[in-house]
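Bear in mind the structure is a predicted one, so any value in this text is a computation, not a measurement.
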Amino acid sequence: MSAVGERVVVAARGWIGTPYRHQASVKDVGCDCLGLVRGVWREVVGDEPERVPPYSPDWAEVVDAETLLEAARRHLIEIAIGEARVGDVLLFRMGLGAVAKHVAIVSGEDHIIHAYWGKAVCETRLVPWWRRRIAGAFRFPE
């Protein structure tokens with residue numbers, strides 16, 4: 001594991017238990033999946049590189065554009081999905097063929113840390129259901 005990857009996972013684990021709150025990014029208060037990655041970015045890298053505009057829970061279905069993938073490509077380092085390792089970021093398509101709208105941090109060989117509707121930030125297994133939906137893999141900058 002790289003030094004940055006280790007810092008990313010330590011930071012992400014510090015968010016475990018933070019309640020799900022749409023559009024939020026405040027440790028122990030609330031966050032969504034993007035808010036988790038934004039919070040980890042602030043802890044590991046520094047100031048966020050751009051302001052996130054308001055978005056609705058169904059934003060991906062409304063805009064039908066790869067907004068999340070495009071933002072990841074602007075600020076993270078894209079890697080092959082098979083090269084993802086601890087500390088990297090995975091983007092998911094919640095429906096097969098849909099745009100990417102969920103994000104998680106790889107925390108172990110078969111584990112991810114993420115927040116999703118109705119759940120606090122948690123560490124779960126990267127089961128086949130999630131694996132089939134991976135849309136992209138990214139690394140935090142050094």
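- Atom CD of Glu78 sits about 4.5 Å away from atom CZ of Arg73, to the nearest 0.5 Å.
- Residues His114 and Thr124 have side chains that bring a donor and an acceptor to within less than 3.5 angstrom of each other.
- A single hydrophobic cluster is seen to contain both Val40 and Val52, as judged by linkage of ILVMFWY side chains at heavy-atom distances under 4.5 Å, directly or through other members.
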Show, in sequence, the C-alpha distance, side-chain angles and deciding distance for Cys31 and Val121, and conclude whether the side chain to side chain contact (heavy atoms under 4.5 Å, CB included) test is met.
CA-CA 8 Å; Cys31 70; Val121 174; 3.4 Å; yes
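- A pairwise comparison of heavy atoms in Cys33 and Ala115 identifies CB-O, 3.3 Å as the closest pair.
- By the 4.5 Å heavy-atom criterion applied to side chains, Ile79 and Asp88 are counted as neighbours.
- A salt bridge does not link Glu83 to Arg139: none of the charged side-chain nitrogens sits closer than 4.0 Å to a carboxylate oxygen.
- Separating the CD1 atom in Ile16 from the CG atom in Asp28 is a distance of 11.5 Å, to the nearest 0.5 Å.
- Taken from CD1 in Ile105 to CG in Leu90, the straight-line distance is 9.5 Å, to the nearest 0.5 Å.
- For the 3.5 Å distance criterion, the side chains of Ser25 and Arg42 qualify, holding a donor opposite an acceptor.
- Residues Cys122 and Tyr116 meet the side-chain proximity criterion, which asks for heavy atoms closer than 4.5 Å.
- Cluster annotation: Val4 is connected to Val89 through the hydrophobic network of ILVMFWY side chains, with a link wherever side-chain heavy atoms come within less than 4.5 Å.
- If you take CG on Leu34 and OG1 on Thr67, they are separated by 11.0 Å, rounding to the nearest 0.5 Å.
- Hydrophobic clustering, with ILVMFWY side chains joined whenever heavy atoms are under 4.5 angstrom apart, keeps Trp117 apart from Leu36.
- Counting heavy atoms from C-beta on, the side chains of Asp110 and Arg131 come closer than 4.5 Å.
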Evaluate the side chain to side chain contact (heavy atoms under 4.5 Å, CB included) criterion for residues Val29 and Arg21: first the C-alpha distance (whole Å), next the side-chain angles of each, then the deciding distance (0.1 Å), finally the verdict.
CA-CA 8 Å; Val29 175; Arg21 297 285 184 268; 6.0 Å; no
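- A cation-pi contact links Arg133 to Trp129, judged by a cut-off of 6.0 Å to the six-membered ring centre and 45° from its axis.
- Side chains of Phe140 and Val45 form a contact here, defined as non-hydrogen atoms less than 4.5 Å apart.
- The shortest side-chain heavy-atom distance between Ile113 and Arg13 falls under the 4.5 Å cut-off.
- Within the 4.5 Å cutoff, side-chain heavy atoms of Trp41 are placed close to those of Pro141.
- For Arg7 and Glu43, the salt-bridge test fails: no basic side-chain N is under 4.0 Å from an acidic carboxylate O.
- Put simply, the side chain of Trp15 does not reach to within 4.5 Å of the side chain of Val37, judged on heavy atoms.
- Here Trp130 contributes atom CH2 and Arg93 contributes atom CZ; the two are 13.5 Å apart, rounded to the nearest 0.5 Å.
- To the nearest 0.5 Å, atom CG of residue Leu91 and atom CD of residue Glu66 are 9.0 Å apart.
- In this structure the side chain of Arg85 never reaches within 4.5 angstrom of the side chain of Val106, judged on heavy atoms.
- For Glu70, the CD atom counts as densely surrounded, since its 6.0 Å shell holds more than 12 non-hydrogen atoms of other residues, nucleotides or ligands.
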